[in-house]
Amino acid sequence: MGNDLIWNEVDEYFIDKLIPFDSTLERVLHVNKEAGLPEIDVAPTQGKLLYLLAKIKGAKNVLEIGTLGGYSTIWLARALPEKGKVYTLEAEEEHAKIAERNIRQAGCQDKVEVIVGKALETLPNIKERVIAPFDLIFIDADKPNNPHYLKWALELAMPGAIIIADNVVRDGEVINETSKDERVQGIRKFISLLESEPRIESTALQTVGSKGYDGFVISVVK
């Protein structure tokens, strides 16, 4: 049995045991696939992890950089108290429209605001609107800009905030310093910033499963 097959079967086992079937979330994935969105949503186990981290933190004000079809957004929104809010940034207008429909179908529209535009252009507006600071920030967008997203996250985070960045292992390519992949180099610069940044404490975890071999960084702002 190949590694990929084992990883998938183990994921299915944990999903079956620990994540009750949710027709709403399944429909979101189906809608996203039918609309031709890239199938790069977080896995259900990872969505549940985001949910649990938001619960553990007691998060009320969340920033998500990279909406796609709203799958992870819904996981985060469901973890928030009644007056909690997720501000999620999406560069592609068509993706944002699909996400808004999915979020509305999930009954989370009052807890989510989708902001359309390139994140590096909309993040300054976030600051101007005085909706920061955030107590949880999820970075899951174009990897070459991760270093810039980290700088913004630190500016918009409150002390004690959790910052999570997805897809940081990239099949192990993160250790390839001569990689020609700008996504890998973006992650490497992001990790180097974390190494030298005194305002934040971080670790990284490698993951395997239905999404292959990857991983994420989790940090806490001092």
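Keep in mind that this is a model prediction, so the values were computed, not measured.
Under the 4.5 Å side-chain contact rule for hydrophobic residues, L156 and V130 do not share a cluster. Neither Y71 nor I40 shares a network with the other; the hydrophobic side chains, linked directly or stepwise wherever heavy atoms of I, L, V, M, F, W or Y lie under 4.5 Å apart, form separate groups for each. Under the 4.5 Å side-chain heavy-atom criterion for grouping Ile, Leu, Val, Met, Phe, Trp and Tyr, I103 is not connected to L37 through any hydrophobic cluster.
Counting heavy atoms from C-beta on, the side chains of S210 and Q46 never come closer than 4.5 Å. No side-chain heavy atom of I56 sits less than 4.5 Å from a side-chain heavy atom of I162. When side chains are defined from C-beta on, F21 does not count as touching P44, because their heavy atoms never get closer than 4.5 Å. No side-chain heavy atom of W152 sits under 4.5 Å from any side-chain heavy atom of I65. At a threshold of 4.5 Å between non-hydrogen side-chain atoms, the residues V114 and T73 do not count as touching. Within the 4.5 Å cutoff, the side chain of V168 has no heavy atoms near those of the V174 side chain. Side-chain contact between L25 and W75: present, with at least one pair of heavy atoms (C-beta onward) separated by less than 4.5 Å. A heavy-atom distance below 4.5 Å is not found between the side chains of H95 and T67.
With F134 as the fixed residue, the side-chain contact (heavy atoms from CB on, under 4.5 Å) test singles out one of V62, I126, V221: I126. With respect to Y149, the side-chain contact (heavy atoms from CB on, under 4.5 Å) criterion is satisfied by exactly one of L120, L154, D140: L120.
In this structure, K48 does not pair ionically with D22, as no charged nitrogen and carboxylate oxygen lie closer than 4.0 Å.
One N or O on the side chain of N102 and one on the backbone of G69 form a donor-acceptor pair closer than 3.5 Å. Proximity of a side-chain donor or acceptor of K143 to a complementary backbone N or O of A141 within less than 3.5 Å is detected. Within the 3.5 Å criterion, the main-chain N or O of V169 finds a donor-acceptor partner in the side chain of D214. Although no hydrogens or angles enter the test, the distance criterion places a donor-acceptor pair under 3.5 Å between the side chain of Q185 and the main chain of E177. Judged by distance alone, with hydrogens and angles left aside, the side-chain atoms of N61 form a donor-acceptor pair with the main-chain N or O of I131 at under 3.5 Å. The backbone N or O of P198 sits less than 3.5 Å from a side-chain atom of K222, completing a donor-acceptor pair.
Here the CG-CG distance, from L53 to L136, works out to 7.0 Å after rounding to the nearest 0.5 Å. To the nearest 0.5 angstrom, S23 atom OG is 8.5 Å from E26 atom CD. Within the model, atoms CD1 of I98 and CD of E100 stand 10.5 Å from one another, a figure rounded to the nearest 0.5 Å. A distance of 10.5 Å separates NZ in K211 from CG in N8, rounded to the nearest 0.5 Å. Between atom OH of residue Y213 and atom OG1 of residue T207 there is a gap of 9.0 Å, rounded to the nearest 0.5 Å. For the atom pair N167 CG and I139 CD1, the distance stands at 12.0 Å (nearest 0.5 Å).
With sequence neighbours left out, E113 forms a side-chain contact (heavy atoms from CB on, under 4.5 Å) with K85, Y87, I115, R129.
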Might you work through the side-chain contact (heavy atoms from CB on, under 4.5 Å) test for L76 and E64, ending with a clear yes or no?
-> CA-CA 9 Å; L76 287 165; E64 179 182 48; 4.1 Å; yes
Could you walk me through whether E9 and Y13 pass side-chain contact (heavy atoms from CB on, under 4.5 Å), step by step?
-> CA-CA 6 Å; E9 290 188 0; Y13 170 79; over 6 Å; no
Run the numbers on L63 and L123 for side-chain contact (heavy atoms from CB on, under 4.5 Å), then give the verdict.
-> CA-CA 10 Å; L63 175 65; L123 282 163; 4.0 Å; yes
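Counting heavy-atom neighbours within 6.0 Å of I175 CD1, excluding the residue itself, gives a total of 12 or less.
Closest approach of P38 and L68 over heavy atoms only: O-CD2, 3.6 Å. In plain terms, the two heavy atoms of K60 and P81 that are nearest each other are CG-CG, 3.8 Å.
Between D181 and N176, the side chains place no donor N or O within less than 3.5 Å of an acceptor N or O (distance only, hydrogens not considered).
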